[in-house]
Amino acid sequence: MDYSELDRSIIVATQGGLPLVARPYHQIAGQLQISPELLMQRMTQMQGSGVIRRIGVVPNHYALGFRANGMSVWDVPDQMIDLLGEQVGKLPYVSHCYRRPRHLPQWPYNLFAMVHGKTREEVEVQVASIAALLTQLQGEPVRAHQVLYSTRILKKTGLRLSEKNHEKNHEKNRIKTAPTEAIQSTTA
C-alpha cells in the first residue's frame with residue numbers, strides 16, 4: 001500500500017497542533033477515517049525516517065504570564081562555544097540556545113540564549129547568572145553581552161503543507177473512483 005497520500009493527510013491534519021482533548025490521536029484518526037493504531041504507526045514511521053522531526057509543546061509565553069522575553073547574546077571564545085552553549089542551554093529559564101556567526105565589527109556576539117521572565121528585572125537576574133556561569137567556565141570575565149527584548153509576538157509556526165492542494169488532489173482522486181463505485185452499486 002502506498003502511504004504517501006495518507007502521510008500527507010496526517011501531516012496536514014496535525015501541522016496546526018493536536019486537538020486539546022483526552023485522546024487527540026483518536027480524534028485525528030476519526031477525521032481521517034483510519035484507525036488510531038494506523039495513525040500512530042504512520043507517525044512513528046515518519047518520525048523514524050525524519051519526515052516528522054519532533055512532536056512537542058510550543059508554549060505561548062505571553063499567555064503564560066511571561067511578558068519579559070529577552071534574547072541574550074554573548075561574545076564567547078569560539079573554541080569553547082560548544083561547552084558553553086551546552087551548559088547555558090541546560091539552565092531552566094533558557095528555552096533555546098544556539099550559535100550564530102559574528103558580523104564584525106558591528107556584531108561580536110556568537111552565542112544566543114533566549115530567557116523568559118515575568119518582569120525585566122527577573123530576566124536581568126537570570127542574565128547575570130548566565131554571565132557568572134560563563135565567567136566560571138571560561139576562567140575569565142564575559143567579554144560582552146546584551147539583552148534584546150521582544151516587543152511583539154511573531155507567528156510561531158513551522159513549514160506547513162497547503163490544505164488547498166491536498167483537497168484538490170483528494171477531490172481529483174475521488175472523482176476518478178466515483179464511476180467504479182457507481183457501477184458497483186448498480187450491479188449489487
Side-chain angles (χ1 to χ4, degrees), residues 1-67 69-73 81-82 85-101 103 110-116 148-188:
M1 178 179 201
D2 178 19
Y3 286 116
S4 62
E5 186 63 26
L6 174 60
D7 289 351
R8 190 178 201 293
S9 296
I10 291 169
I11 291 169
V12 169
T14 58
Q15 65 189 352
L18 297 177
L20 296 175
V21 296
R23 304 180 85 179
Y25 295 107
H26 284 70
Q27 183 172 320
I28 293 168
Q31 281 175 243
L32 299 175
Q33 300 177 348
I34 60 174
S35 71
E37 294 77 21
L38 178 58
L39 174 73
M40 289 183 213
Q41 176 211 351
R42 295 309 310 153
M43 290 185 79
T44 300
Q45 202 282 325
M46 286 191 280
Q47 274 192 288
S49 67
V51 171
I52 296 175
R53 284 195 306 174
R54 69 183 182 96
I55 298 171
V57 176
V58 180
N60 180 336
H61 295 96
Y62 284 88
L64 296 172
F66 292 90
R67 305 271 172 180
N69 302 295
M71 178 61 78
S72 63
V73 293
I81 196 163
D82 290 340
E86 189 177 317
Q87 295 305 310
V88 170
K90 288 180 180 177
L91 296 172
Y93 46 83
V94 173
S95 63
H96 48 288
C97 180
Y98 50 89
R99 178 184 197 166
R100 287 278 190 247
H103 294 281
N110 59 346
L111 182 66
F112 291 56
M114 190 70 191
V115 178
H116 303 279
L148 312 169
Y149 286 98
S150 300
T151 56
R152 60 187 169 145
I153 300 173
L154 300 176
K155 188 176 175 183
K156 295 173 86 172
T157 62
L159 179 67
R160 296 210 173 176
L161 297 177
S162 167
E163 290 182 43
K164 237 180 188 177
N165 289 339
H166 172 70
E167 288 170 10
K168 248 193 250 173
N169 289 338
H170 183 72
E171 188 64 28
K172 253 196 271 178
N173 290 337
R174 202 166 63 104
I175 289 168
K176 283 180 190 171
T177 59
T180 307
E181 292 169 3
I183 290 168
Q184 287 173 342
S185 65
T186 56
T187 57

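All of these numbers come straight from a predicted model, not from anything done at the bench. We're numbering straight along the sequence, starting at 1.
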Mind listing the side-chain donor-acceptor pairs of residues 85-101 below 3.5 Å, one per line with the distance, residues two or more places apart or on another chain?
unit_1: Y93; atom_1: OH; unit_2: S129; atom_2: OG; d: 2.3
unit_1: S95; atom_1: OG; unit_2: H116; atom_2: NE2; d: 2.7

For residues 15-34, run the donor-acceptor check on the side chains, cut-off 3.5 Å, and write out each pair with its distance to 0.1 Å, sequence neighbours left out.
unit_1: Q15; atom_1: OE1; unit_2: L161; atom_2: N; d: 2.7
unit_1: Q15; atom_1: NE2; unit_2: L161; atom_2: O; d: 2.8
unit_1: R23; atom_1: NH2; unit_2: H26; atom_2: NE2; d: 3.0

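Looking at heavy atoms from C-beta onward, L38 lies in side-chain contact with L6 at the 4.5 angstrom threshold. Using a 4.5 Å heavy-atom threshold, the side chains of I11 and V51 count as touching.
One distance of note links CZ of R54 with CD of Q47; it measures 11.0 Å at 0.5 Å rounding.
Partners of S150 under the side-chain contact (heavy atoms from CB on, under 4.5 Å) rule, at least two apart in sequence or in another chain, are Y62, N69, M114. Not counting sequence neighbours, the partners of S4 by the side-chain hydrogen bond (donor to acceptor under 3.5 Å, both in side chains) test are D2. Not counting sequence neighbours, T151 has no partner by the side-chain contact (heavy atoms from CB on, under 4.5 Å) test.
For residues 32-44, the pairs satisfying salt bridge (Lys or Arg N to Asp or Glu O under 4.0 Å) are D7-R42, with sequence neighbours left out. Here salt bridge (Lys or Arg N to Asp or Glu O under 4.0 Å) pairs that include residues 24-34, with residues two or more places apart or in two chains, number zero.
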